[in-house]
Amino acid sequence: MSDLIKTGVIGHPIKHSKSPLIHNYWMKEHHLNGSYEALDIPPEELLTQLPILFDQHFYTGFNLTIPHKELVLPLCDEIDETAQKIGAVNTILRRPDGSIFGTNTDAFGFIYNIKQNYPHFDFTKNAAVVLGAGGAAKAIIHGLLEAGAPQIILLNRTREKADLLAKTDARIIAQDWDQRSACLSGANLLVNTTALGMQGQAALDINLSKLPLDALVSDIVYAPLMTDLLLTAQQRGNPVITGIGMLLHQARPAFKLWYGIMPEVSPALEALVL
Ligand code: ATR
């Protein structure tokens, strides 16, 4: 039998992470000798703990989640262009020569979730409206621009954060948060990247009446799976896509990086994670 390939996800907190379920499912599916665990490491210990995990506990790679995606940057010897553009790393690999490679699979996760569920969706057709300007929004906007979105209308409660992101690409147009219902006409995609609508959070207050009926509506919140935004959009006839798929698809390139196989997202895996 080949050597055990140890991987995991590091976060703080981490106990609700669904990533171990996903990666262990794929390892079983592909008969691989591997393990994937959740490790709780506080931010102030990340840069001292990681070398110990690699050198003394023989891990091959990790996913990084909140609050580590930016903190891990100085530890990487090489960061690919995607992660550089997003400004955050969510996947690292320790190569045989000891160097650490960092990438970010969140943009892939967002785009391929749509590609799998709506293969004919045309990212290049019209503007996308993105709500929120945090870490998730950065990855999603990068993915949308790479996929050919002609324009991103970006609205964030704190306008300055949207303005900063808009400075990075002429196709990003920042608008005031209170314009979120008014700016929907002509969009072919609406994405909520804020935590609004999540269990225990405030609702997302938005009026969809100006949104074209063929526009795709996406929410990165997946608890509940059908947020009020998605229910309202579905009731008026819009196609919708839930947040769980982004989580599943972002795991695929990480698994490929560590285990050499690009795994698929199946209905059985989705059911397991839900
Ligand atoms: P993530 O990595 O999940 O994107 P984040 O970086 O903390 O998390 O970003 C959270 C996003 O949700 C931000 O865009 C935030 O808006 P601010 O920049 O104004 O903080 C948005 N958000 C959180 N709570 C919100 C609320 N009550 N109303 C509107 N936007 C909210």
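Position 1 is the first residue of the sequence; numbering continues from there. Bear in mind the structure is a predicted one, so any value in this text is a computation, not a measurement. Order of listing sets the numbers, starting from 1, for every ligand and every atom in it.
Between F123 and F121, the distance from one ring center to the other falls under 6.0 angstrom.
R159 has a carboxylate O that lies under 4.0 Å from a charged side-chain N of D176, or vice versa, which qualifies the two as a salt bridge. D106 and K138 are not joined by a salt bridge, as no carboxylate oxygen comes within less than 4.0 angstrom of a charged side-chain nitrogen. Look at D163 and K167 and you find no salt bridge, because none of the NZ, NE, NH1 or NH2 atoms lies under 4.0 Å from a carboxylate O.
Between the CG atom in L93 and the CG atom in L257 there is a gap of 4.5 Å [rounded to 0.5 Å].
Protein residues with any heavy atom under 4.0 Å from ligand 1: G132, A133, G134, G135, A136, N156, R157, T158, K161, W177, T194, L196.
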Let's go through Y59 and I5 carefully: what are the C-alpha distance in whole Å and the side-chain angles of both, what is the deciding distance for side-chain contact (heavy atoms from CB on, under 4.5 Å) to 0.1 Å, and is it a yes or a no?
CA-CA 7 Å; Y59 281 89; I5 299 179; over 6 Å; no
